[in-house]
Undergrad: 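Okay, here's the structure, questions in a sec.
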Amino acid sequence: MASIKLQLLVFTVIFISAIFGEETYPQLLFSYRTAIALFDTKTENISILADGCDHVLFLDYHSSKHYIFWSDYHIGTISRLPYRAGFKSEQEIIIIGANNPTGVAVDSINDYLYWSEMGGDRIHRSHLNGSSTTFSIDVPAPHGLALDISNGLVFCVNSQGDVLKCSLDGGECQVIYTSSHRCDNLVIDFEESKIYWTSWYSSLPIQSSYLNGSNLQKTGITISQAWGIDVSNTHIYYADWNRGLCKTEKANSTYYVLLHAHAQLTALKIFKLEVKFYYFEDECRYYNYLRSANKRSSDYILDFFEDTVLSDHDLKMNWYRVISDNGDMMPTSAPGHMHCGTVNPIWLNGQIFSHDDGNVTKEACIQTKDDICEQKIDIQIKNCGSFYIYYLQHSPVNSSFCFGNGPVLCPDGLSSDTGYYPGCTSSFPKEIVPVNVEADLIDEKHFPVKNNQRYQDVPVHGNQSYSSLLPIFRCNFTDVSEGSYVYDVHWYINEVHVISHLNVPFSNINYTVLRDTDWINIFKMNMEVKCAIRMRYSTDSIPGLKLYSQSYQAGIYPTQYEYTVIEGESIDITFTSSVPVGCLSSHDAIRTHCEQNFYIYQLMDSQTSLSNRNKIAKTDVVFAAQFCGIRIKSVNWKNDKILRVYGFSDSMYNFQDRSTVLKISTSAVSEFNYIWKDIQVPDIKVTVIDKDNALMNRQCLSYNDPHITTFDGRLYHYMDVGEFVMYKNDKGPYSVHALFTNCGFGWVGSSCHCGIAVRSRNSLFVLRTCKTISRTEKYLLQEPMTKFISCDVRDIVIEHDSNNYKITLPIGTEIKFTISRWSKFISMIAIKPSICDINVARGLCGVPSTTKDQSDDFTHRQNGPINNDQEFADSWRITPTMIAEQLFSSEAVFLSNLDEENGNSITENNSTSYCTCARQASNTDTQDDFKTEQCNSTESTDFCSEPFKIEEDTITSFYTSCSTSKRKKRSVNSFDEIVRRSISDDNDDDVIDFPSLTYDESVFNTKVTIPEVFRNGWTEDTARQTCMKEIQNSLPSELTILVDVSVEEFVESCLLDIKLVGDTTFLPDTIGTMLTYIMTEVLRNESLFMLNTTDGSQTLMEYVTSNLCHNNCSDNGNCSWGVCLCNKQYIGDECSQSITIPPSNISLPFDGLCTLGTRDCKSTNIFGDFLSRTVWYKIKYFQIMTESIKYISESDVSKVNFRNMFMVSVDLMHSRRKRTTTDTFMAEGNEIRLSYDGTNFGESATIITYDDSCYSCNSINMSCLELELCRPTVDPITQNDDKKSVVVIAAVLGSLLLFIMVVVGFIYFKANSNNARTKINATPDQQEGKPRVYLDQSNESQLWMTRDKTISDLQLEIDDIKDVNPFEMFEKRLHFVPPPSHYKRNL
């Protein structure tokens, strides 16, 4: 027998473990629309329990009778299924004809089924077999249900966004929380006395609150569409329509998908059937109740005249849970004779214990009038966590057990002055009137109004004044007594009593308003205000019951607290103020100027975006607003205010949707609006849906001769010449034009890029390598010409290293191009569109669509989409007659049309202002300064705002202002760094002859002729094999997973190139284009920045981009971010050349002749193909005599001034000897040699310096001839030069000293006059007077923007703009102190 019992016990334990499961492996009962199933989280087995349903949304089960119940929404039925593990049962319909049944909840203790009827606006109760009871509760559009049987409550959520608490005795329901979103399902967490609910429709996170609706919280889970929900002690389980069955820890925001399901999952319950055996009982789940135990409080004194004595003499021995408003703990000291509603109270002689103690036997004492412990009784107590249960036995007559402490409320129908015993009576006013809270303005103290231009509409007569207006709250109700009653008015904020006004006649009820002085500095706005009234027949008589108002939400509130916006698109957040704005005067003309600003700012989340990688600012949303916030005026404070929020496009393929939290603050308040200080508005969460990924693998490519791929991936080949529109977006406007000309080398019918022009609003960047456009010949410049004219630093960002350029537009569109070293053509142009280009951009690149639709790629400029690619491309030609659209002309027409007064474009003035609102406004911020700082964008995307490092002793190069007509046009021809030279020279040695762009006759007279056959021994098969092999070998295998590369299209282009030129000349450029395409796509994949390689040594991005260098850097360097970092002994784009090989094929401007009549000839530019930034030079100085050449000296080895890959500059040697009549020379010269290592120098290039008014020289044979009419441009140097020099120097120094004194005095005056103005958000660099230069030289990459003018620049400007006061210019532009090296070099 003992063995049988042991086996039974073992079986019981195993079976219970299987049914209940461990905490981490419960069984989940769930439904999808047509079936009910059981999922074992440990074995991951799924059992289908019932199918053939139509639309199941809710279910529940009876834990002891083993029934599963569910509702079918569409067919209007309630069904049940008997369930036994391992047995198949038939389902049965127990209720039919229900009007859209929704929630179901089972009372396993009393054997009732509760179900809600959405179409009938009601909650019903029935027996377990479906037979009806008379019970019902009216609830509008109810959804999910949850029962709290011990407290006699049913909780419900509905489609109107309410969470309701209803009494099971059929009483009214109380709304404990409401929102603007539909609520769908809920569950009670008895362990924490909380409720959790879901809002499927709005995809909101799971929310929770206490059982009274307070302490609202939101989980940090990103919910897709959650419906069913249940909780354990530590976890939340929920059914997500799109993800499956999920769980998350209550204290964590990380979720786990337990079961991925393709079907839409709905209901969910943790499945725990009760299995009762003789050896198993859970006291904390099975007990009886001691209900209505309020009078068992130790503080309640028995009233023989009113009370019935409590007596537990007939109490049955059992476990009991106490239900009392005063708590369930037994007093541990004698309460006193006649306390606890009885004669002889029973109290606990000992201390309450912890949960871990289990069942504890304690001694209880019966107190009599003679002894506090006259008789002892043993009881058992168990701590069940959130409540206690007691194993009690019967006691002597007129004795009862005590529980809780504190006063006892008067029962329903009775009242007292305090609302508690003693004194409860039925003699009081019993009328019921509605009570509500209203916010209003009342007249306060008067202020005199003086004559003021701002208030011209205000009539002022003598000392006339107007009352000020102060916001207050009124408790509104109707006087039902016609003036005979007096009233008590009680005020509560956030359920805390604030102030009471007692025995007030209705005629004085205005004195009971809630003023700011009653609660200020204790509570903050966005609070719940409530009032209650009690009626009295007369002063100090017994008041009636408290009649409460609904809670009044006092403050400023958005329509909702969670929003979703798509990148590049907008949403409107509507704010409503429920409290008026005060004012110093009640006159409407003054009230129009009374307002309260509410500042919006967003918390920046560093982990959600890495967009600074692509020079786009790192933020999540921007606001289309005049300032960072909303403004509520006193005169129309009830009007809704709308804040338009744009999803910020970060030009990244985000690894997950980004989100930001918006906060509201008040930086400053007036005396009359002090209530708004430090307002506490709940955070507003905005989720930004990534739209950039719609443009994944979408680039326009134009390369070689040229082959063009549209944004949507359509490849075509176009061989004509001229200026063409590659890309055009009228939003800015933004545009990219390209120049095509013959490639030369005898390639008939070829066409190569020889220029690119980028317009961004009213800024223009131009790079050109050709001087003439021809269909038959190649006419290249000696070195590429660059020009940059910008009106606004926000217009454009230009970066380049070596021969690669990247230009970023304010909308995020990115243009890359490469200059070929061997041909000096632009080998590739790649344009990466932004979301602002979708369905808007046009040109040779086609129209980028949302879905990669190629049908409109060939959109003709006038005729719309066509099929002929050549006719389409022809339409985007800029002809010589289209002067207004030409970007390669000497001066673009749009630049000459700018407003020369302020330099701003019409587009910018009329554009929307966007605010980032990245920080909270402080009370020291002036509104204008804060707006300037935070609202300076004219697009819903923007560049990085951080300054970039520059090397000491260098500056950014040429920059012209908006008003080009007022300034000399000089091109330093570089966006690279140049060494700052002395600007005291009268002449500029930095001369480069750039002719205007011309077209030869062949452009207009010759048609395109393309070779039809392969030559030089090539066939189509050999060409295809060669192309395929080289391209595939250059494509890292790992990248084919990350980037969709059309290898076949590159092979096709390569094949046509070989057919055209008869060799593989273009193949490296084709491969380079492919790698650029890949690099662009990879750098936008945010996940690669976030994840590390398996060994943790680098990010996946670093690993991937280390494989994107062509030819693997010739094994002479390391590939980093797609760029070769060569070893010390090697240089070049691929580290293929030794530094011992010097530069070759160098040349000088003007054939090496420098005339003193045009320039000083102290330095010269040198043209060539420079593979390194480090180039050395040495010079041999000579003089050309009448009949000989005399070599004088040789310089030390020095470093050149690197300008760009095609040009460097060097300082020349010249004679310092005094000329005499016996020792003269006709010209002087320099033989210049260059080296990469400072040791091995190449062939020399010679420059001859002479006075062209007296001599004519030839640099080839190094000879000069004296002219007959000699009028020296330069005065001869005489013996008196020293004395004259001293006088000149003294005069110059005196003038300079006087100028400095005037300037310093002027600055001192201006500084003092500006002391009162507060500097907002000054960076440390700005505060220290450091340069604000936007330049990035990491990895030899430069960012070209603009800089504040320096005092050195000022001298250049004075020469150019004669009609401008130099002191005014100095005041405007002196923001920069040149580095010490500047002065050192100029001395």
Side-chain angles (χ1 to χ4, degrees), residues 147-155 164-174 176 188 190 192-195 209-215 287-303 306-312 315 320-333 335-336 338-342 345-348 352 381 383-390 392 400-426 428 490 492 494-497 530 532 534 542-548 551:
L147 300 175
D148 181 2
I149 300 301
S150 62
N151 291 311
L153 299 172
V154 57
F155 289 84
L164 303 98
K165 180 171 65 174
C166 307
S167 173
L168 290 179
D169 60 7
E172 293 185 357
C173 295
Q174 175 188 357
I176 62 173
I188 301 176
F190 290 101
E192 298 182 353
S193 297
K194 297 173 69 173
I195 51 174
S209 74
Y210 289 148
L211 299 181
N212 61 1
S214 64
N215 191 33
Y287 44 73
N288 291 332
Y289 290 94
L290 285 180
R291 299 185 183 277
S292 303
N294 292 351
K295 289 188 177 181
R296 292 180 180 265
S297 168
S298 60
D299 293 318
Y300 183 74
I301 302 174
L302 179 66
D303 185 345
E306 299 289 341
D307 291 330
T308 300
V309 177
L310 294 178
S311 179
D312 291 333
L315 191 67
Y320 289 91
R321 180 179 175 183
V322 179
I323 306 300
S324 170
D325 294 335
N326 299 90
D328 62 353
M329 293 181 61
M330 288 188 71
T332 56
S333 61
M338 305 291 289
H339 279 242
C340 303
T342 187
I346 305 174
W347 57 281
L348 184 65
I352 296 294
I381 308 175
N383 187 335
C384 293
S386 60
F387 59 91
Y388 290 92
I389 57 174
Y390 300 85
L392 305 177
S400 66
F401 293 92
C402 296
F403 297 100
N405 59 80
V408 177
L409 284 169
C410 293
D412 291 344
L414 300 181
S415 180
S416 70
D417 198 48
T418 63
Y420 297 92
Y421 282 100
C424 294
T425 177
S426 60
F428 56 84
H490 306 274
Y492 305 86
N494 297 343
E495 303 295 335
V496 177
H497 178 260
K530 184 187 293 186
R534 301 183 75 181
I542 298 299
L545 301 178
K546 280 186 178 179
L547 303 177
Y548 287 91
S551 292

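Keep in mind that the numbers below use all heavy atoms, side chains included, and drop hydrogens, waters and symmetry copies.
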Undergrad: Tell me if a side-chain donor or acceptor on N294 pairs with a main-chain N or O of D325 at a distance below 3.5 Å.
TA: yes
Undergrad: Given 3.5 Å as the limit, does a donor-acceptor pair link the side chain of Y390 with the main chain of D328, or not?
TA: yes
Undergrad: Is the backbone of F401 close enough, under 3.5 Å, to the side chain of R296 for a donor and an acceptor to pair up by distance?
TA: yes
Undergrad: Can you name the closest pair of heavy atoms from P422 and S416 and give their distance?
TA: O-CB, 4.0 Å
Undergrad: Just so I know, are the side chains of L211 and I188 near enough to count as touching, which here means a heavy-atom distance under 4.5 Å?
TA: yes
Undergrad: Which atom names give the shortest non-hydrogen contact between H339 and P345, and what distance separates them?
TA: O-CB, 3.8 Å
Undergrad: Compare every heavy atom of C340 with every heavy atom of P335, then report the nearest pair and how far apart it is.
TA: CG-SG, 3.9 Å
Undergrad: N326 side chain to P407 main-chain N or O, any donor-acceptor pair under 3.5 Å?
TA: yes
Undergrad: For G406, does its backbone N or O pair with a side-chain atom of D299 as donor and acceptor, under 3.5 Å?
TA: yes
Undergrad: Kindly determine whether Q174 and S167 satisfy side-chain contact (heavy atoms from CB on, under 4.5 Å), including the steps that lead there.
TA: CA-CA 9 Å; Q174 175 188 357; S167 173; over 6 Å; no
Undergrad: Does any N or O in the side chain of N494 come within less than 3.5 Å of the main-chain N or O of V496, such that one atom is a donor and the other an acceptor?
TA: no
Undergrad: Are side-chain heavy atoms of F387 and Y287 found at a separation under 4.5 Å?
TA: yes
Undergrad: Might you point out which heavy atoms bring R291 and S150 nearest each other, and give the distance in Å?
TA: NH1-O, 3.3 Å
Undergrad: Could you check whether any side-chain N or O of T342 sits under 3.5 Å from a backbone N or O of L310, counting only pairs where one atom can act as donor and the other as acceptor?
TA: yes
Undergrad: May I ask you to decide if the ring planes of Y421 and Y300 are parallel, tilted or perpendicular, using 30° and 60° as cut-offs?
TA: perpendicular
Undergrad: Return the CD1 to CD1 distance between I389 and I381, rounded to the nearest 0.5 Å.
TA: 10.5 Å
Undergrad: Looking only at non-hydrogen atoms, find the nearest pair between L414 and L545 and report the distance.
TA: O-CD2, 3.5 Å
Undergrad: Looking only at non-hydrogen atoms, find the nearest pair between M330 and C402 and report the distance.
TA: CG-O, 3.4 Å
Undergrad: For the residue pair S209 and I195, establish whether any side-chain heavy-atom pair is separated by less than 4.5 Å.
TA: yes
